[in-house]
Visitor: 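What follows is a structure written as C-alpha cells; I'll ask about it next.
This chain uses plain numbering: 1 for the first residue, then up along the sequence.
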Amino acid sequence: MADEELIVMAYLLGFNGFKINTPYDSVTFEKNGQECILTKQQFIDIHLPKN
C-alpha cells in the first residue's frame with residue numbers, strides 16, 4: 001500500500017495525528033487519547049479492514 005493511501009485510510013477511519021515516520025517504516029497516531037507507534041505492516045494488519 002502506498003503511503004498516500006495509508007494516510008487517507010487512517011483519516012477515513014478516524015485516527016488523529018496520523019503520520020508516517022521515515023526512514024523507520026513506522027507510523028504514529030492517536031488512539032483513545034494516547035500516542036501509539038506501530039510499524040506500517042502492523043497498522044495495516046490490525047486496523048485496516050480485510051478485503
Visitor: Report yes or no: do Phe29 and Val8 belong to one cluster of Ile/Leu/Val/Met/Phe/Trp/Tyr joined by side chain heavy-atom distances under 4.5 Å?
Guide: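 Unlinked, Phe29 and Val8 end up in two clusters.
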Visitor: Do Tyr11 and Leu6 sit in one hydrophobic cluster, given that two such residues count as connected whenever their side-chain heavy atoms are within less than 4.5 Å of each other, even indirectly?
Guide: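 Tyr11 does not cluster with Leu6.
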Visitor: What pairs meet the side-chain hydrogen bond (donor to acceptor under 3.5 Å, both in side chains) rule with one or both residues in residues 40-49, with sequence neighbours excluded?
Guide: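 Residue pairs with at least one partner in residues 40-49: Asp3-Lys40, Asp25-Lys40, Thr39-Gln42, Gln41-Asp45.
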Visitor: Is it possible for you to say whether Ile46 and Ile7 belong to one hydrophobic cluster, with membership spreading through side-chain heavy-atom contacts below 4.5 Å?
Guide: yes
Visitor: Take the angle between the ring planes of Phe18 and Phe43 and call it parallel below 30°, perpendicular above 60°, tilted in between.
Guide: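 Phe18 and Phe43: tilted rings.
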Visitor: Going hydrophobic residue to hydrophobic residue with side-chain gaps under 4.5 angstrom, can you get from Phe15 over to Leu48?
Guide: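 Result: yes, single cluster for both.
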Visitor: Is there a path from Leu38 to Ile44 through hydrophobic residues (I, L, V, M, F, W, Y) whose side chains come within less than 4.5 Å of each other?
Guide: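 Yes, one cluster joins them.
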